[in-house]
Amino acid sequence: MKGYVTPEIGRHACTANFSEDGMLSLTVLNDGNAYVGFTGSNGPHIAAHGPAYIIPSDAEKVYFKSKNGVFDTEHLRSGTLLLVAFFDGNKKFISFTSIPAAGKEIPNAAKYLSIRVGIDGATAGQVYTDQIMLSFEPITEWQPPYYEEVDVDLELCSLPTGTCDEVKDGKLIKRVGKKTFTGTETWLHHSPKNNYFECSSGLGAQRVIDGTKAEYLYCNRFKEYSANSLYWDANLEGCSLGDNGNDQHFRVRVLDSSITDLNSFKSWLAANPITIFYPLENPVITPLTDIIVPTQAPYAIVTHDSPVETEIEYEILTKSDYVADIIDIKQRLAALEAAAVGGGN
């Protein structure tokens, strides 16, 4: 496991900023000791001391690395403070000590640890900055914290009527169509109707349920009207989407004095794209591929910023010291089942 000190941590006589690449910037507030990390030693709760790191079952030592030596143990004589606290399975404090360059042995009963990084005998106003790393394996060279960002490009849309896209049973179900008009399309100008423009939407088979009703269309710029209402009222600014033979036609009236003909309308539209959302006659169903996020032992933090409900399945790949015991237990269970069946006869 290789990680770094997180921002959810206690502070003493300093302010501290952290970044995703493991950079710690510590600003000293008062003369004396200034540090981040666990702030006590006798309390039963890790949360009061700083972040807890789970100790892998096969770990023998803990190692620490400050990339440029600012916080390394080798600099203790020049005033650097670096300590590690160990806790048992009930999060009871065991001991704390410094971490030598060669690593520190982990007590047998230790299940968690927390660290303290800072400056001993610091001067107010000074700033100390370096990248730091914690590891349960020897650190031969500086390695930045490992993390992987997975971008899942899923756009889910909904309409005021309640029609919406959804993700269900591993499938993306699209019930809402989307199209953006930018002025590159072929438009007709109905000049007697006061800047009334009409365009074949190109939706083809993706027909709306009923384009003559305004409630079946949502537009990012204009109020939606039925095709008839928009056509006959020359002072009505808005849009509509309606059936016209084998395609859906999008109509819009823009009451803007800069628009005097078809070309000026297209120029206006290039600077002010219009996006419409509409219900599909038939939903489009697309199977989704599971996203696999590789992680590092002994644990990983998985977060997501999607407003959609997310399910996470995980599998732990590890060596077990109890394979023989598991096999023995399975054999005993099989024998008990056989005996129970035999007893029923």
Side-chain angles (χ1 to χ4, degrees), residues 1-11 16-26 35-39 41 46-47 49-78 80-89 91 93-120 128-149 293-303 314-321:
M1 171 268 185
K2 293 181 174 63
Y4 59 96
V5 180
T6 62
E8 296 80 15
I9 191 170
R11 296 172 174 81
N17 295 314
F18 301 85
S19 62
E20 289 185 343
D21 60 356
M23 184 71 73
L24 166 63
S25 180
L26 185 150
Y35 55 84
V36 293
F38 66 89
T39 56
S41 59
I46 285 273
H49 303 153
Y53 293 90
I54 302 173
I55 301 174
S57 60
D58 58 350
E60 297 179 354
K61 286 186 175 183
V62 58
Y63 302 83
F64 180 87
K65 179 69 174 177
S66 183
K67 184 176 181 180
N68 298 307
V70 175
F71 298 106
D72 269 354
T73 306
E74 297 96 307
H75 294 73
L76 276 174
R77 288 186 297 275
S78 61
T80 302
L81 181 79
L82 174 61
L83 298 173
V84 58
F86 296 103
F87 302 82
D88 65 15
K91 299 182 180 178
F93 172 76
I94 298 175
S95 63
F96 71 89
T97 181
S98 61
I99 308 178
K104 181 63 184 177
E105 290 79 8
I106 298 173
N108 290 334
K111 301 297 182 183
Y112 303 92
L113 64 80
S114 184
I115 67 169
R116 177 188 297 184
V117 181
I119 303 297
D120 185 10
Y128 298 85
T129 301
D130 202 0
Q131 286 178 295
I132 57 179
M133 181 170 66
L134 183 71
S135 175
F136 294 103
E137 303 169 2
I139 304 173
T140 56
E141 61 180 354
W142 168 257
Q143 297 178 23
Y146 173 85
Y147 70 95
E148 181 167 336
E149 183 174 318
V293 181
T295 62
Q296 288 189 334
Y299 62 89
I301 299 174
V302 180
T303 63
Y314 63 89
E315 180 180 1
I316 300 175
L317 304 178
T318 182
K319 295 182 296 183
S320 173
D321 297 329

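- Looking at Asp88, its side chain never comes within 3.5 Å of a backbone N or O of Ile94 through a donor-acceptor pair.
- With sequence neighbours excluded, the residues that form a salt bridge (charged side-chain N to carboxylate O under 4.0 Å, His left out) with Glu105 are Lys61.
- Rounding to the nearest 0.5 Å places CG of Asp130 at 11.5 Å from CG of Leu26.
- Closest heavy-atom contact between Tyr112 and Gly89: CE1-O, 4.0 Å.
- Between Ile119 and Phe71 the shortest heavy-atom distance is CD1-CE2, 4.2 Å.
- Between Lys67 atom NZ and Ile139 atom CD1 the span is 13.0 Å, to the nearest 0.5 Å.
- Under the 4.5 Å side-chain criterion, counting only non-hydrogen atoms from C-beta, Phe86 is in contact with Val62.
- Two residues are said to be in side-chain contact when any heavy atoms from C-beta on lie closer than 4.5 Å; Val84 and Thr97 meet this criterion.
- For the pair Phe64 and Ile132, the minimum side-chain heavy-atom distance is below 4.5 Å.
- For Ser95, there are no side-chain hydrogen bond (donor to acceptor under 3.5 Å, both in side chains) partners two or more places apart in sequence or in a different chain.
- Across every non-hydrogen atom of Ala101 and Tyr63, the tightest pair is O-CD2, 4.5 Å.
- Residues forming a side-chain hydrogen bond (donor to acceptor under 3.5 Å, both in side chains) with Tyr128 (at least two apart in sequence, or on another chain): Gln126.
- When every heavy atom of Ile106 is checked against every heavy atom of Ala110, the shortest pair comes out as CG2-CB, 3.8 Å.
- The CE atom of Met133 sits 14.5 Å away from atom CG of Leu24, with the distance rounded to the nearest 0.5 Å.
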